[in-house]
Amino acid sequence: MKVYNTLTRRKEEFVPLVPGKVSMYVCGPTVYNLIHIGNARPMIVFDTARRYMEHKGYEVNYVSNFTDVDDKIIKKAIEEGVSAEEISQRYIAECKKDMAGMNVKPATTHPLATQEIDGMIDMISTLIEKGYAYAAEDGTVYFRTRKFQEYGKLSHKNLDDLRGGNRSLLVSGEDQKEDPLDFVLWKPKKEGEPSWPSPWCDGRPGWHIECSVMSKKYLGEEIDIHAGGEDLIFPHHENEIAQSECCNGKIFARYWLHNAFLNIDNRKMSKSLGNFFTVREISEKYDLQVLRFFMLSAHYRSPLNFSAELMEASKNGLERIVNAVSNLKFLEENAGAAEMTAVEKEEASKLEEYVQKFDEAMDDDFNTADAISVIFELVKFANTAVSGQSSKEFAQAVRSQIISLSDILGLIVEKEEEMLDSDIEALIGERQAARKAKNFARADEIRDLLLEKGIVLKDTREGVKWERA
């Protein structure tokens, strides 16, 4: 398995620190509002990477944080006249609902910044003791960026070009810095804001320190994979490396994975442009499995454009797989013979070829686009190889393989069993009898009545099928 390492800018063979185990940290959202579809991309992408590694037999320790103390959270709390904790807890709960809708597995651990303050103070104290950080007169603690000679190795920028984009530089007390590039580790409290006691002042941590501390606590001083959106490469991940490696004296993460940006109608997502969508808004128009399918339809390192047309195409693509699984289940339940024939056994042997092609795609830096193409090839095989004359065993084998590969991508393609009410069952039976008696007027009347009840009937060569409208 090869992954593209942002640190080296090349694909590398993935070799974990501990054979059979993977330690993986993925930066989570700041919880001050409902998550948007830009947040959804790394959630889906790296959840899929985790699923595939588990499919390969790895035991994955997957940590993803919630930033629950931040300027945006505090601003929202002041606007609503409630505590910052109430805001963060509300939107953590809402985020988990959206994650469940997208079939994103819960992390092994979802740490909260506010519960790791002691660890942050300890790490900052160590950095001060080692000479990598210093406290200003007002209690603000800064990291000496230039003292870490490898600063900039992830973003591949010249040190003197790194001032732009660092939101931690723009704080009160700018004149207290030894160097304009130094960034904040701890800052003094302001009136009405949450704060914690520290050796330097009552205050709260800077943005970057939390992930260094959480990663160390839950995964160790050196980890296999650190991942997130490419917007986090600088300054967030660059600063994490500096803090962690200066504190621990070890390489922080061996592989850095970053997903590309998500655009809306070929423009950057922005509230001011009116093209800003939350996951919750998308769920009102589409099943969130469609959003997941859409996110996986392109390679994670490729920019992805979100549009209504592409979502419709994703919906149709997913339905194609779902319908194939549904048809196979129908054929399986109505098959005459139970066991495979010699010809079917030969056909079934081809299933392993699709698995190999799927694994080859995913082994190539988690190429989900090509992996989905393999599933479509398998669907085409199912549509031609399995018929009403096929055995139950053969239909079941093909269906199970489609479900298995889809599940690795986190795609739910098997509809839940639905029970018809007894009166609807009776109407379907009555319609069948009417058709047999050539009373087509009554048969059409019953079809229309069922449609009013939200039941769509489909007359196929395999028999009558139904689905909810």
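Scanning for ring-ring contact (aromatic ring centres under 6.0 Å, His included) contacts around Y132 gives an empty result, with sequence neighbours left out. Qualifying side-chain hydrogen bond (donor to acceptor under 3.5 Å, both in side chains) partners for K96, counting only residues two or more places apart in sequence or in other chains: none. Take K285 and apply the salt bridge (charged side-chain N to carboxylate O under 4.0 Å, His left out) test, not counting sequence neighbours, and it matches no residue. Contacts of R280 classified as salt bridge (charged side-chain N to carboxylate O under 4.0 Å, His left out), with partners at least two apart in sequence or in another chain: E94, D98. Residues satisfying the side-chain contact (heavy atoms from CB on, under 4.5 Å) test with K75, not counting sequence neighbours, are E79. Scored by the salt bridge (charged side-chain N to carboxylate O under 4.0 Å, His left out) test, D224 finds no partners at all (sequence neighbours excluded). Partners of K357 according to the salt bridge (charged side-chain N to carboxylate O under 4.0 Å, His left out) rule, which considers only residues two or more places apart in sequence or in another chain, are E377. Under the side-chain contact (heavy atoms from CB on, under 4.5 Å) criterion, D370 pairs with A361, N367, sequence neighbours left out.
H236 and H208 have tilted rings, their planes meeting at an angle from 30° to 60° on a 0 to 90° scale. Ring geometry for Y151 versus F148: interplanar angle over 60°, hence perpendicular rather than tilted (30 to 60°).
For F14 and Y255, the ring centers sit closer than 6.0 Å to each other.
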Under 3.5 Å, which donor-acceptor pairs do the side chains of residues 403-412 form with other protein atoms, sequence neighbours left out?
{"from": "S406", "atom 1": "OG", "to": "I402", "atom 2": "O", "distance (Å)": "2.8"}

Could you give the side-chain donor-acceptor pairs of residues 301-309 under 3.5 Å, partners two or more places apart or in another chain?
{"from": "R301", "atom 1": "NE", "to": "D365", "atom 2": "OD2", "distance (Å)": "2.7"}
{"from": "R301", "atom 1": "NH2", "to": "D365", "atom 2": "OD2", "distance (Å)": "3.1"}
{"from": "N305", "atom 1": "OD1", "to": "D265", "atom 2": "N", "distance (Å)": "3.2"}
{"from": "N305", "atom 1": "OD1", "to": "N266", "atom 2": "N", "distance (Å)": "2.4"}
{"from": "N305", "atom 1": "ND2", "to": "N266", "atom 2": "OD1", "distance (Å)": "3.4"}
{"from": "S307", "atom 1": "OG", "to": "L310", "atom 2": "N", "distance (Å)": "3.2"}

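Sequence neighbours left out, not one pair with a member in residues 24-36 passes salt bridge (Lys or Arg N to Asp or Glu O under 4.0 Å). The stretch residues 111-134 participates, sequence neighbours left out, in these salt bridge (Lys or Arg N to Asp or Glu O under 4.0 Å) pairs: E116-K217.
Side chain to side chain, Y286 and E312 meet the donor-acceptor criterion of an N or O pair below 3.5 Å. With no hydrogens or angles considered, no side-chain donor-acceptor pair links S23 and N61 at under 3.5 Å.
Side chain of D138 to main chain of T140: a donor-acceptor pair is present (N/O by atom type, distance under 3.5 Å, no hydrogens or angles).
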